[in-house]
Amino acid sequence: MRMFDFECVLMIITIIVFTLVVAGKCEVYIVTVEGEPIISYAGGIDGFHATAVESDESIDTTSELVTSYGRHLEKKHDMLLDMVFEQGTYRKLYSYRHLINGFAVHISPEQAETLRHTPGVKAVERDWKVRRLTTHTPQFLGLPTGVWPTGGGFDRAGEDIVIGLIDSGIYPHHPSFATHNTEPYGPAPKYRGKCELDPDTKRSYCNGKIVGAQHFAHAAIAAGAFNPSIDFASPLDGDGHGSHTASIAAGNNGIPVRMHGHEFGKASGMAPRARIAVYKALYRLFGGFVADVVAAIDQAVYDGVDILSLSIGPNGPPAATKSTFLNPFDATLLGAVKAGVFVAQAAGNGGPFPKTLLSYSPWIASVAAAIDDRRYKNHLILGNGKILAGIGLSSSTHLNETYTLVASNDVLLDSSVTRYNPTDCQRPELLNKNLIKGNILLCGYSFNFVAHTASIKKVSETAKALGAVGFVICVENVSSGKIFDPVPVGLPGILITDVRNSKELVDYYNITTTRDWTGRVKSFKGTGKIGDGLMPILHKSAPQVALFSARGPNTKDYSFQEADLLKPDILAPGSLIWAAWSPNGTDEPNYVGEGFAMISGTSMAAPHIAGIAALIKQKHPHWSPAAIKSALMTTATTLDRAGNPLLAQQTSETEAMKFVKATPFDYGSGHVDPTAALNPGLIFDAGYEDYLGFLCTTPGIDVHEIRRYTHRPCNNTMGKPSNLNTPSITISHLVRTQTVTRTVTNVAEEEETYAITARMDPTIAIEVNPPAMTIKAGVSRKFTVTLTVRSVTGTYSFGQVLMKGSRGHKALQYPMILETIGTLLQQCSKTKAFRPGLPLHAAVLKKGLQSHVFISNQVLNMYAKCGHITLARKLFDQMCHRDLVSWSAMLSGYDQCGEHLMALSLFSQMKLLPNEYIFASVVSACASLAALAQGQQIHAQSLKSGYASISFVSNSLISMYMKCGRCSDALSVHANSVRPNSVSYNALISGFIWNCEHEKAFEVFKLMFQQGYVPDRFSFVALFAFCTKSDYLRTGMSLHCQAIKLELDSTPLIGNVIMAMYAKFNLVAEVEKVFSLIKDKDVISWNTLIYAYSHFDDGAKSLEFFKEMMNESSIRPDHFTFASILAVCACHATIRHGKQIHGYLIRTKLCQDIGVNNALVSMYAKCGSIRYAHYGFNTMPCRNLVSWNTMIAAFGNHGLCERAIDIFEQMKATGVKPDSVTLIGLLIACNHSGLVRKGELYFNEMEEVYGITPKVEHFSCLIDMLGRAGRISDAEEYLKKFHHWNDPVVLGSLLSACRLHGNTVAGERLAKQLLEVQPVTTSPYVLLSNLYASDGMWNDVTNARKMLKGSGLRKEPGYSLVEVKGNHEKFTIGNTPLND
């Protein structure tokens, strides 16, 4: 460790007086420790033999080898905790032994910090939450005719395959899981999981079909989120979600879907005969915790499941890893795949926006959601004959009758209260039954429906309770792209989703309804009838990518850098899926208490793939997870039922949703084709070592992080991550030429010859080698694909490699190369390179690419980031289509350019629902404006949208509240943040410093350590700045010690602020030491060093370091450098150096800065060259107040009062208002030129003409001027008038005047007064002595000198400063002259 001469203060902060957050609050942490888990233990510990298996092989968990090693690991976990902590101070929740080696523990942040520094501990990560990513489909997928018959029919489909579901549990009594109407199930051959008992009935949750049922809630309980009366401390589904996904994957076949007296068809799972193993880790109110989910996955693999279905994903990125592939969630799933378990995971519901995937890794099958061919439509026929379309799963009103329309707002009872919204029709007691009975009730669609506090089911119940024959819900205001799902109801009902149709209905109702002068209804004359919405309409345009389905491209880290890996992998049905529901379920308010539900989400798509994978596993039991995934991907289709390319739902700025041509970023390899997947012909296989190679060759992933999670050293033989043997090729940034290698294996029963063809966008050349190959059954062959950039392309480029076999098999690959114009524009945005961006924009226009919203967004972002906000806005206004990225780029551009009002104005015009990036930008704009009211409104909107808890939104909110002085609100936001990070704490620290509450700032700094966050550079900056301003040197030194320990002092940002702090206290030696230790010195480092020595009055050192800086090839001086060094030249009257610097500025054309020009004028003036000073002033391209003041002072100091006054008059003529410095210059000019009356006039005009209150400096000038003119009495009158008798500067000026004019009487009086005010200086004695001497009073001179000698004070001798051969020499009286 580097040491300094000063003493490092051990205590960091000594002024902490209160606590912001209750210290010691326990939380759940996931701890990984050294040592191999069961899945990868290769031996080496005495008494324990190896348990590791080859990739994709299952572990015999019943063997003594496995169980004994597992007990050994758990014992080590317990010993470690007992060794570090006292019994009773912690609670271990889980031991992870099978896939990762570690445990989950409930401890305080202080204990977590202790664990981090305990030998043998590899990582300690705070737990975070996960969330849900929420039938006709067997027929739509062709299972009854193309798949099930090959395995013996539906009653054998999935036989002996166990599908594990990590979800919200199961309702075991549902017909979809019943066994009384099926052939009895025998024991599951390989499954060893357990079944929990119902705590009330003591009956098992298993029944032969359900073979395992466990729940995991230790982390939820420890976090205080678990409520056993609502969440059920058992595998029972209290949400509905888990029963729904389980029945999609493996529900019984042919189960009638009945609701409200109607049958909507028969429900069936993909693999009706497969077994179900339930691992409940999700709960209805709070979702779940990663510690519980990891424990569930670990247990499922140990129990022997074949397939894992996960309809869940993380709420946000973990704090402990930058890579998307290496969080504990995905690392655990890597272990599952190594054990031979196929994993299907929902891709996420963040669509239709790019980079919204929540499933990233190549070992997982990430599933996107599609709309199938079934649509439900309905209509309302008005009395005027107009037909209004809508949706509604209900029967019609009587075909031959029309009914009166009655709006809920017009039938309110007097007892209705304002806190309820009557238009929602949620409370029948608010409405008049007599006016509604026998009529159609009209209701409104308010925000309560979006927030799930109102439901269509409740509208139906209200209408039925009031005797209505039906109901209509009008949507009068909707966000762009909003999708409405049909809801089955027991009463004729319809939801009018089109705002225009709703307006037409409202207009018709208002015209036909007569009212009195108060607005009360006199009679209802409008009529209508509701059509039949029970029958589905089948569309050939299916499948289509659902609007909500998360989109690629895939990202490799949480800064959203693109990965060389295609995601999502595959598309499966996920919209309007009928499946089982739990009567306890509350996930969907429209299905509370029902036995079935029709809901949408990628949650529904993932179990489709899990069930189909079970069918493939049944037919090919020895296939690896990668082989199953390959079979699904290479046989997928990119065409809809009509033979056209797949379409994707997309938002538009109008209320209508639009369809665009889908890309692999929407659907992956395509829509699943189960029939073809059973017999793919070729597969692309991969195993654990291949995935390890992918991680090791992905740029940006720390090799130590890889080893921490995989327990293996890196192997880079793969070369590039794009060489991972997957059924797709993805290259995130193609430069020149790249060749990728793939290996295919013939899994057919016979030899087959494949012809390989490829097609690609013309801007990229593609070549496949060999063009054909014959592969024997069971044999593998390699081929290569070479891609070369021909010309710049403006969009993502997609292509296809087709391997067509002689026996009818075919395999498809989809190479993708990210666009090059977009990449270059991104680089211009990052580097703020405006000029290189202009020809790229020209290329976009020339190629006609401006219609591509992605490319237009890149150009827009480039202009905004480069500060050309006007050009950005012009492009924004010209864009035909604008998505959220467009709005985000424009809003953030306004915010970053300081146009905060424009940002808020533009935000108010948005019709799209904002995302987290937009919220962060507009909140930042509010912070800059201190616009608290607007900030609070936006905060409320972000809360409703669910974005307020996302880290960078909450961080912006913290900063906003802090800048508005609302520290308590900022703390509240921080407390409610889902995953606060170091930026959150930095915002609090800066905010408290901003609000002058430095004690709290230092308390937050301490709290960061307690919570396990390591302070970064920005944590220190605000604290050092406070220490610099507030004379807290000792505290600053303590912080310096902390920065040294964290090795931050060598960074320019921290080193510079430390230098500034020491410079403030004139500790120039420490400034130079800190400077020498900064590794990559920047221009600010040099400027601070030069300033420190000039502030210390060591101009020679400043010039020395300036010369050294000029010799540095990597550093270019800036305007601040030249302004500082010219000030040094001015102070030391070194005109030679000043002229050299001026010449350099002229040669390099750097003299355009107004600050540098002002410094030049000042330097020439102080060096005595008034002619050069005036020339510099006249040639300035622009002037500010400082420029005028400098020139006025220059003429004044040189006794050229008339010219100073002339400059002053010119300044006023240009509209520049003088300040106090201007008047000081004028007073000095008048003083030096003896223009006393003019000077007195300026002084008297200061307040009444210029609005400037005279300060002591102005009085000093006035008194000195009057004194020099001999007007001592007038000067004293001014002192009495303005009460400046006690100011030593003013008294000293007047005393000097008394000496000049021999006024001994006044001089003695003033000297005594000055001695009272300033007793520790020599000035009064010297001035008084000189006064006596000038009047020949030598005895008094002697007495004055004796008084000075007796005081112990010593007068500093005056000196002359002479420059000799470039060096400055001081000469005082008595110096020996130089020989030269």
Side-chain angles (χ1 to χ4, degrees), residues 32 34-44 50-59 96 98-102 122-123 294 297-298 301 320-343 345 359-366 554-557 563-567 569 624-630 683-730 732 740-743 745 780 782:
T32 52
E34 291 179 355
E36 304 284 345
I38 291 171
I39 193 75
S40 57
Y41 172 58
T51 58
V53 294
E54 294 298 321
S55 181
D56 309 326
E57 287 187 15
S58 298
I59 295 176
Y96 305 130
H98 311 112
L99 307 180
I100 59 174
N101 181 19
K122 298 170 72 174
V294 169
I297 296 170
D298 194 63
V301 175
T321 177
K322 293 181 179 179
S323 170
T324 52
F325 309 127
L326 282 178
N327 61 78
F329 197 82
D330 281 33
T332 305
L333 293 174
L334 175 58
V337 171
K338 183 181 181 184
V341 179
F342 176 87
V343 179
Q345 184 183 18
S359 179
Y360 316 99
S361 299
W363 47 88
I364 302 168
S366 306
N554 192 21
T555 55
K556 66 182 179 181
D557 56 38
D564 290 333
L565 181 72
L566 174 64
K567 288 287 177 176
D569 292 303
S624 68
I628 296 173
K629 180 179 172 183
S630 171
I683 60 166
F684 295 79
D685 209 353
Y688 185 78
E689 292 298 329
D690 299 300
Y691 297 133
L692 184 59
F694 169 83
L695 293 173
C696 292
T697 55
T698 297
I701 301 183
D702 186 356
V703 293
H704 301 294
E705 192 177 8
I706 295 172
R707 188 180 182 92
R708 189 175 79 199
Y709 284 107
T710 65
H711 309 279
R712 297 285 187 90
C714 255
N715 183 353
N716 294 299
T717 56
M718 184 177 288
K720 292 181 179 293
S722 54
N723 285 325
L724 178 65
N725 200 42
T726 62
S728 63
I729 298 171
T730 305
S732 58
V740 296
T741 303
R742 288 293 183 270
T743 301
T745 302
S780 299
K782 290 186 177 181

With sequence neighbours left out, the residues meeting side chain to side chain donor-acceptor pair (under 3.5 Å) with Ser361 are Asp330
Kindly compute the distance separating CD1 (Ile683) from CG (Asp685), expressed to the nearest 0.5 Å. 4.5 Å
Do you know which of Ile297, Ile38, Val294, Leu334 makes side chain to side chain contact (heavy atoms under 4.5 Å, CB included) with Ile100? Val294
To the nearest 0.5 Å, what is the distance between OG1 on Thr730 and CG on Leu565? 6.0 Å
What residues form a side chain to side chain donor-acceptor pair (under 3.5 Å) with Ser40, not counting sequence neighbours? Glu36
For Lys567 and Tyr360 the tightest heavy-atom approach is CE-O, 3.3 Å
Looking at residues at least two apart in the chain, or sitting in another chain, which of them share a side chain to side chain donor-acceptor pair (under 3.5 Å) with Ser722? Gln738
By side-chain contact (heavy atoms from CB on, under 4.5 Å), which residues pair with Asn725, not counting sequence neighbours? Phe684, Arg742, Thr743
Atom NZ of Lys556 and atom CG of Leu695: how far apart are they, to the nearest 0.5 Å? 12.5 Å
Quick one: are Pro37 and Leu99 in side-chain contact, heavy atoms under 4.5 Å? no
Would you call Arg707 and Pro713 a side-chain contact if the rule is heavy atoms closer than 4.5 Å? yes
Can you check whether Tyr691 and Phe325 have ring centres sitting under 6.0 Å from each other? no
Let me see the working for Asp690 and Leu724 under side chain to side chain contact (heavy atoms under 4.5 Å, CB included), right down to the final yes or no. CA-CA 7 Å; Asp690 299 300; Leu724 178 65; 3.8 Å; yes
The side-chain contact (heavy atoms from CB on, under 4.5 Å) partners of Ser359 (sequence neighbours excluded) come to Gln345, Ile364, Ser366
Does Lys720 come within less than 4.0 Å of Asp564, counting only side-chain N to carboxylate O? no
Do you know the tightest heavy-atom contact between Ala563 and Ser732? O-CB, 4.0 Å
Contact between Val337 and Val343 at the side-chain level, heavy atoms closer than 4.5 Å - yes or no? yes
Can you sort out the partners of Tyr96 under ring-ring contact (aromatic ring centres under 6.0 Å, His included), two or more places apart, ordered by chain and number? none
Which residues satisfy the side-chain contact (heavy atoms from CB on, under 4.5 Å) test with Lys122, sequence neighbours excluded? Thr32, Glu34, Arg708, His711
With sequence neighbours excluded, residues passing side chain to side chain donor-acceptor pair (under 3.5 Å) with Asn554: none
Rounded to the nearest 0.5 Å, what separates atom OG1 in Thr698 from atom CE in Met718? 9.0 Å
Can you tell me how far apart CD1 (Ile706) and CZ (Phe694) are? Round to the nearest 0.5 Å. 10.0 Å
Heavy-atom closest contact (Ala686 atom, Ala626 atom, distance): O-CB, 3.2 Å
Could you measure the distance from the CD1 atom of Ile39 to the CG atom of Asp298? Nearest 0.5 Å is fine. 9.5 Å
Looking only at heavy atoms, which two atoms of Asn716 and Cys696 are closest? And how far apart? OD1-O, 3.1 Å
